[in-house]
Each structure stands twice: as C-alpha cells, then as structure tokens.
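No hydrogens, no waters, no symmetry mates; every other heavy atom, side chains included, goes into these values. As the structure is a computational prediction, the values presented were derived from the model and not from experiment.
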Amino acid sequence: KSQSLIVRAREITHRILSLRGSLPIQILIRTKKGILARFTNNGVHQNGFQDLLTYQLRSFGSDGSFRMIESNNTSAEGIREAVQKAKHLIQKQKVARHSERSEESRRSFAPTGLRMTGSRKEYFHFPLKKAPEMAARAIEEGLSLIRRASASANGYYSAYERLFYFADSNGRELSHPATAVRFGTTITKGAGKGYSSFYHPDPKELKVASVTQKAIQLAEQASVREVSLKSGEYECILSPRAFIELIEPLRHHF
C-alpha cells in the first residue's frame, strides 16, 4: 500500500537527516513496487516483480543552481556514503547556506505546508499481490487475438504502485502516491509491423483487446503497402505515446 511506501521514505529521510550535520539539504525519493512482464507470441519470456527506490540529495548554491547526489543504496553504509559525497560536493562548490537567492529557490521548489496525497487522481486501488495474475490474464487475452490473426508479436505489461516523496532540512514534506498500468505490443504480419500501447493510472481502465487490435490493424495495413527504401536519412514521425516511451529512460534526468 502507498502508506507503507511513505513509511519507508520517511525512515530513509530520518537516517539522512541524522547524518547531515548542519548541511541544508533537500531529499527527493522515488519508489515503486510492481510487475514487469515481457512476452512474445510463444508466451512470457520475462516476468519479474520489481521493488525500486532511488533518492537524491540536493543543496542550492549562491547562484540559485543546485548540486545533486543520486543513489539507490539504502543500506546504512550507502546512505552514509551519499551524505558524505553531498557534503564534499557542497564544500567544493562553496555553497552559500543562507543566501537570499538560494532560499528563494528552495521556497519555489517546495512551498511550506504543501502536502499532496493523491488529489490529482493518480492513485487508485491496486491489489499488489494480484499483479502476477493481472499480468497473466492481460497477456493471454492479447496473445489469443494475435494467434487468431496468424501474426507474431512481442510486448510488455507493467503495473506499479509508486510514491514521489520530498523532504528538506527545514521540516517541509510533500508526498504524492500514484499507480500506473502499461501495456504495449508490436505485431508482425507478413512484411508489415504495427505498434500500439496504453497507459493509465487506473489498472481497471486497461482494454487489452482494443490495444492489440489496433496494432494488428496497423500491421495488416503495412503488409499490403510494402515499399522499398534506399538507404539514407528520412524524417520519422512518432505517435505521442511512442515518443514518450522513447524518452522515458531519460525523463528523471530533466
């Protein structure tokens, strides 16, 4: 449950703050629990339950910019090492602890008293223990349509419970629980390929049949309009969802 994720985030925050000394610091934690299953038309070839957590330690400089250390090592030794790295980086960069601009930047990043608890409708009931069963049902439904169309495919199913958590050395706290379900498949039929995917915070909103049928339809259309291309540079137009998935690994760096 999201409450257990908050408890875990607060425990890590307490350990960080107990080691920081007089260092002014911000802590950003991202954590998620859930399943990621990848499949082909022959069945599931990767099915893993994931429990991931990363945390960032941030301090602002006199110019308003911030220095950051990121880690996923939540052991006592790992947290101690991250805090020491943050201290070293701040000393190296001569961070001004009480500069007016630095304080203004901290305020704009996390207003005092702000506390989000799912008001953006991004958190829905998610039976985490049933995630493997949910994945199996979704994949089997998609595969039955793919086999019926005499096509081949690869794809993925993921469902997560997530938490975004912020705290700082001034006592501010912000938390935002969220859930997410994703399903996508690439269909190959003849010489054509088609791709379609789905994302929504509410797992109940997933309609496997419509996603799969759309990918099959695109593959069939491509197979009857096969063209030969000479090697060279071409413009590529991606669907919005495909573009999001392309840059997803880079998202948290921005």
Please list all pairs passing the salt bridge (Lys or Arg N to Asp or Glu O under 4.0 Å) test where one or both residues lie in [range], with sequence neighbours left out.
| range | answer |
| --- | --- |
| residues 32-43 | none |
| residues 194-212 | none |
| residues 41-52 | Arg8-Asp51 |

Using the test salt bridge (Lys or Arg N to Asp or Glu O under 4.0 Å), find all partners of [X] that sit at least two apart in sequence or belong to another chain.
| X | answer |
| --- | --- |
| Arg182 | none |
| Arg137 | Glu133 |
| Glu81 | Lys85 |

Does any donor atom in the side chain of Ser71 or Asn73 lie under 3.5 Å from an acceptor atom in the other side chain?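 Side-chain D/A pair, Ser71 to Asn73: absent.
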Does Phe243 have more than 12 heavy atoms from other residues, nucleotides or ligands lying within 6.0 Å of its CZ?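 Open.
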Mind checking who shares a hydrophobic cluster with Ile237, ILVMFWY linked at side-chain heavy-atom distances under 4.5 Å?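 Cluster partners of Ile237: none, it stands alone.
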By the rule that ILVMFWY residues connect when side-chain heavy atoms come within less than 4.5 angstrom, directly or transitively, which residues belong alongside Leu52?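 Traced through the cluster, Leu52 reaches no other member.
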Which residues share a side-chain contact (heavy atoms from CB on, under 4.5 Å) with [X], sequence neighbours left out:
| X | value |
| --- | --- |
| Thr188 | Ser152, Lys193 |
| Ser144 | Arg148 |
| Thr13 | Leu17, Ile27, Ile29, Tyr165, Ala167 |

On a heavy-atom basis, which atom in [X] and which in [Y] lie closest, and how many Å separate them?
| X | Y | result |
| --- | --- | --- |
| Ala178 | Phe164 | CB-CE1, 4.3 Å |
| Lys87 | Gly21 | NZ-N, 4.3 Å |
| Tyr199 | Thr179 | OH-O, 4.4 Å |
| Ala37 | Ile139 | CB-CD1, 3.8 Å |

Plane angle bin for Phe39 and Phe183 - parallel if under 30°, tilted between 30 and 60°, otherwise perpendicular: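 Rings of Phe183 and Phe39: parallel, as their planes differ by under 30°.
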For the side chain of Arg80 and the backbone of Leu19, is there at least one donor-acceptor N/O pair under 3.5 Å apart?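 It does not hold such a pair.
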Checking side chain to side chain contact (heavy atoms under 4.5 Å, CB included) against Tyr160, which of Leu128, Leu36, Ile35, Val181 comes through?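 In the set Leu128, Leu36, Ile35, Val181, the residue that makes a side chain to side chain contact (heavy atoms under 4.5 Å, CB included) with Tyr160 is Leu36.
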Presence of salt bridge, Arg10 and Glu173, under 4.0 angstrom: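 Looking at Arg10 together with Glu173, the answer is yes, because their closest N to O distance falls below 4.0 Å.
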Would you check if Ile25 and Asp168 make a side-chain contact, meaning some heavy-atom pair closer than 4.5 Å?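 Not in contact.
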Review item, side-chain donor-acceptor pairs of residues 213-220, under 3.5 Å, at least two apart:
from: Glu220; atom 1: OE2; to: Lys189; atom 2: NZ; distance (Å): 3.1

